[in-house]
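Chain A is the first sequence line, chain B the second, and so forth, proteins listed ahead of strands; every chain is numbered from 1. Basis for what follows: all heavy atoms, side chains included, without hydrogens, waters or symmetry-related copies.
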Amino acid sequence: MPDDMFATIDTAIRETAGVTDALLAEGGEHADLASTVAFSLAKQRKQAPVKIAQDLVAELKKRPELSTVTIEAKGPYINFIFGKAYVSDVIRAAVKPGYGNLETKTQRVVLEHTSANPNGPLHVGHIRNSIIGDTLARAFRKAGYPLEVEYYVNDMGRQIAIVVWGFNNLDSTQLPGEKEDAHIARIYIAANREIEKDEGITQQVNLLMQRVESGDPATVEKFKKEVSRCLDGFRVTMKNLNVAHDKFVWESDFIRNGSTEEIIGRLKEKPQAREDETLYLDLSEFGFENKYVIRRSDGTSVYAARDLAFHAWKGKNFDRVIDVLGADHKLIGAQLQCTMKVLGEKVPEIVFFEFVSLPEGSMSTRAGKFISADDLITEVRKRAFDEVTVRRPELPEDERRKIAASVGLAAIRYDIVKVSPEKSTVFDWKEALDFERQSGPYIQYAHARACSILEKADDVTECFELETEQEIALAKQIARFPGIIKRVVAELRPNLLAIYARELADTFNSFYHFEQVLKSEGKVRDRRLTLVLAVQNTLKEALETLGIDAIRSM
RNA sequence: GGGCCUGUGGCUUAGCCUGGACAUAGCGCCGGGCUUCUAACCCGGAUGCCGGGGGUUCGAAUCCCCCCAGGCCCGCCA
């Protein structure tokens with residue numbers, strides 16, 4: 001609903017009842033908005049809530065600014081139902097391209113997501129990060145924010161050193177047709193097996209890490225080569241998932257440009273700094289009991305130090321810094337935020353998501369226990385192609401493949417984004433391959449159905465005067481969209497959009513089965529076609545914000 | 001041992017931050033609907049001590065405390 005409507009009613013209640021909080025909220029099935037202010041006034045006025053509600057309604061009805069709103073007392077509740085003029089305005093806005101776009105902002109936002117270690121392919125856990133992040137990114141752009149999306153490339157960690165050791169010491173020939181990231185995983189897994197057998201290898205790995213930090217050209221080159229190859233693999237996977245980054249930022253750059261040393265220097269001056277063999281921060285005054293190590297005894301920096309430099313850099317270039325991270329990063333994320341505050345730097349906001357596990361236990365790249373995103377994409381597309389072939393046998397094969405790719409993508413993205421990030425999940429093939437209710441394809445189908453009607457209608461004479469209960473219900477569902485976008489970016493909860501899109505599809509499907517569009521005549525036909533156009537446009541905008549193709553036929 | 005997250009019909013899940021009108025939907029189950037705009041659909045039905053126990057409140061799935069269960073974290077890894 002438009003904010004001004006909320007604000008108008010909110011103010012009216014506060015003035016009429018003489019309260020500071022109108023207790024105004026969405027009225028669900030009862031009303032567009034409802035207030036429970038009568039409850040809270042009962043004690044003070046020594047009157048029954050029902051009586052207070054009745055009295056307030058009588059007063060509110062006198063206000064000219066509420067003349068188009070139906071106001072009624074239902075027991076102690078005060079219900080507000082918007083008039084037809086409101087519904088007309090909504091549809092008028094919703095038929096225009098870009099419906100749901102909010103006003104342009106000047107606040108610059110940087111969003112980091114995925115940032116998986118380049119030691120093996122993206123698996124179904126990593127892409128939860130990608131999909132949450134990419135959906136947030138799309139929502140931020142829709143909400144009018146200038147946005148940069150970054151991938152932080154961890155190119156100098158122990159895992160990468162292990163990969164490089166493997167390429168140096170093991171048979172590392174790439175198999176025919178083997179994707180780069182899968183190749184790297186194979187060598188990484190094999191190298192880890194060798195390390196388990198021979199502890200001496202760890203020394204060689206440490207040596208590699210020291211060399212890369214000191215900038216030894218040959219070692220740096222080797223690290224860069226394998227990391228780049230892995231990222232090439234990631235790019236293919238992410239493209240298939242409709243996930244995009246504006247910039248890949250390399251961790252090692254923050255060593256080479258001196259900013260890590262600079263941050264370490266500043267940290268040394270802080271009262272929380274402690275130096276013995278290592279340099280670490282004592283953050284116990286903020287509730288962190290463990291040491292926050294910044295530099296190893298051999299003089300090399302740790303991930304935390306480079307991460308601080310990276311975030312300081314982001315804070316200088318952007319007004320709002322957001323990271324999407326797995327729940328295993330909660331502690332270090334909180335320590336990072338705390339340290340940034342100590343340094344007087346901008347504190348990043350962090351969206352955490354809980355783990356995706358397999359029925360047999362948690363995933364592990366090192367142990368080779370994971371389902372890769374590439375395998376998931378292949379399977380889902382195959383299943384989608386079979387489905388399309390059954391439903392549309394008359395279409396040429398390349399057409400069916402195209403639809404299957406879009407349907408498969410929708411199934412994967414929706415399946416992941418619909419769940420609240422704070423919920424841990426167990427990967428389930430049956431659910432991933434389900435194209436029915438509460439799925440991405442279900443919403444695509446509703447959109448394609450609307451497109452089909454519009455196609456057959458030839459011309460649409462716009463008419464915004466809605467009448468029936470089904471029409472009004474659908475229009476009010478459409479009206480919620482801009483508010484949903486606003487909430488997604490304010491609360492950093494992309495699943496709200498997923499739920500909304502499904503509810504809009506539900507409402508449209510009901511409308512479709514109860515109200516004839518093409519077969520009605522005159523004004524009725526005009527207004528219903530206009531409504532279908534509004535739904536189609538809103539579904540399209542919502543799907544695209546979810547990173548799902550709004551295909552016109554399926 | 002400590003910290004964080006989660007616990008809602010057989011299964012999955014919304015709502016929880018910002019307390020309010022019969023707790024949201026899907027899968028599965030039972031029954032109905034394709035000579036009708038795309039049935040990847042729609043309509044109806046059964047299924048809930050909202051993990052357990054206390055507390056705050058006129059009112060608690062929602063806020064507070066305790067307990068139980070599961071996940072994650074507590075490294076000179078990232």
Side-chain angles (χ1 to χ4, degrees), chain A residues 21 23 25 27-31 34-36 38-40 42-43 49 74-77 79 115-117 119 154 156-160 206 209 251 277-280 287-291 293-304 306-307 326-332 334 352-355 357 362 384 387-388 390-392 407 411 418-426 428 430-431 434-446 448-457 491 493 495-496 499 502-503 505-506 509-510 512-520 528-529 532 553-554:
Chain A
D21 186 348
L23 299 173
E29 67 212 88
H30 306 282
S35 168
T36 53
F39 285 109
S40 62
K43 201 176 265 180
K74 266 272 171 64
Y77 298 90
N79 290 340
S115 302
N117 280 328
N119 60 347
N154 304 130
M156 51 187 310
R158 179 168 295 274
Q159 282 94 330
I160 310 312
N206 288 345
M209 289 171 71
E251 184 181 5
E277 305 257 293
T278 64
L279 172 68
Y280 68 93
F288 300 101
E289 296 310 325
N290 59 325
K291 293 179 178 181
V293 175
I294 302 299
R295 198 175 56 202
R296 298 190 183 93
S297 52
D298 67 4
T300 58
S301 62
V302 295
Y303 171 82
R306 297 163 231 144
D307 206 26
D328 53 337
H329 287 67
K330 274 189 178 178
L331 178 59
I332 58 151
F352 289 108
F353 65 94
E354 291 286 335
F355 266 45
S357 58
S362 39
E387 191 71 32
V388 175
V390 169
R391 291 164 189 281
R392 306 290 298 276
V407 166
K418 73 178 179 190
V419 182
S420 305
E422 67 271 16
K423 228 143 187 157
S424 49
T425 63
V426 177
D428 181 343
K430 188 177 163 288
E431 265 174 52
D434 184 11
F435 303 149
E436 299 193 342
R437 295 279 302 227
Q438 301 205 340
S439 76
Y442 169 82
I443 302 164
Q444 285 179 308
Y445 190 77
R449 175 181 262 172
C451 287
S452 172
I453 293 174
L454 295 168
E455 205 111 319
K456 292 195 166 107
E491 302 174 27
R493 282 165 59 198
N495 61 310
L496 295 177
I499 304 290
R502 194 212 80 218
E503 286 174 347
D506 285 346
N509 282 333
S510 284
Y512 173 86
H513 285 276
F514 283 108
E515 309 278 38
Q516 293 287 346
V517 179
L518 294 175
K519 286 185 180 154
S520 45
R528 287 187 184 166
L529 271 173
V532 171
S553 167
M554 63 188 278

Just checking [X]: base, sugar-phosphate only, or nothing, at a heavy-atom cut-off of under 4.0 Å?
X        : result
A:Ala34  : base
A:Glu29  : base
A:Glu455 : nothing
A:Asn79  : base
A:Val390 : nothing
A:Val407 : base

For nucleotides [N] and [M], find the distance between their [atom1] atoms and express it as a whole number of Å.
N     : M     : atom1 : value
B:G51 : B:A21 : C1'   : 27 Å
B:G55 : B:G70 : C1'   : 26 Å
B:A61 : B:G48 : C1'   : 11 Å
B:A23 : B:G15 : C1'   : 8 Å
B:C41 : B:C34 : C1'   : 10 Å
B:G9  : B:C4  : P     : 26 Å
B:U56 : B:C63 : C1'   : 8 Å
B:C42 : B:U6  : C1'   : 35 Å

My understanding is that only residues two or more places apart in sequence, or in another chain, count here; which of them pass side chain to side chain contact (heavy atoms under 4.5 Å, CB included) with [X]?
X        : result
A:Phe288 : A:Leu283, A:Phe286, A:Asn290, A:Leu331, A:Ala334, A:Gln335, A:Cys338
A:Lys74  : A:Glu72, A:Asn79
A:Asp328 : A:Phe355
A:Ser420 : A:Glu422, A:Asn495

Spacing between [X] atom [atom1] and [N] atom [atom2], to the nearest angstrom:
X        : N     : atom1 : atom2 : value
A:Lys74  : B:C22 : NZ    : C1'   : 13 Å
A:Phe353 : B:C5  : CZ    : C1'   : 13 Å
A:Lys418 : B:A25 : NZ    : C1'   : 10 Å
A:Phe352 : B:G3  : CZ    : C1'   : 13 Å
A:Ile443 : B:A25 : CD1   : P     : 16 Å

For A:Phe39, ring pair (Phe, Tyr, Trp, His ring centres under 6.0 Å) partners two or more places apart: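 For A:Phe39, the residues satisfying ring pair (Phe, Tyr, Trp, His ring centres under 6.0 Å) (neighbours in sequence not counted) are A:Tyr77.
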Nearest heavy atoms of A:Tyr303 and A:Glu251, plus distance in Å: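 Closest heavy-atom pair between A:Tyr303 and A:Glu251: CD1-OE2, 3.7 Å.
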Footprint string (nucleotides 68-78 of chain B, 5' to 3'): B base within contact, S backbone only, - free, heavy atoms under 4.0 Å: ----SSS-BSB
Applying salt bridge (Lys or Arg N to Asp or Glu O under 4.0 Å), name anything that partners [X], two or more places apart in sequence or on another chain.
X        : value
A:Arg528 : A:Glu471, A:Glu515
A:Arg296 : none
A:Asp434 : none
A:Arg493 : A:Glu491

Donor-acceptor contact below 3.5 Å, side chain A:Arg392 vs main chain A:Met554: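 Here the side-chain-to-backbone pair exists.
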Side-chain donor-acceptor pair present, A:Arg449, A:Asn509, cut-off under 3.5 Å: yes
I'd like a list of close polar pairs between nucleotides 15-18 of chain B and the protein, N/O only, cut-off under 3.5 Å.
from: B:G15; atom 1: OP1; to: A:Arg493; atom 2: NH2; distance (Å): 2.6
from: B:C17; atom 1: N4; to: A:Glu491; atom 2: OE1; distance (Å): 3.4
from: B:C17; atom 1: N4; to: A:Arg493; atom 2: NH1; distance (Å): 3.4

Which atoms of nucleotides 42-45 of chain B (N or O only) lie under 3.5 Å from a protein N or O atom, and what are those distances?
from: B:C42; atom 1: OP1; to: A:Arg437; atom 2: NH1; distance (Å): 2.4
from: B:C42; atom 1: OP1; to: A:Tyr442; atom 2: OH; distance (Å): 3.0
from: B:C42; atom 1: OP2; to: A:Arg437; atom 2: NH1; distance (Å): 2.5
from: B:C42; atom 1: O4'; to: A:His513; atom 2: NE2; distance (Å): 3.3
from: B:C43; atom 1: OP1; to: A:Ser510; atom 2: OG; distance (Å): 2.8

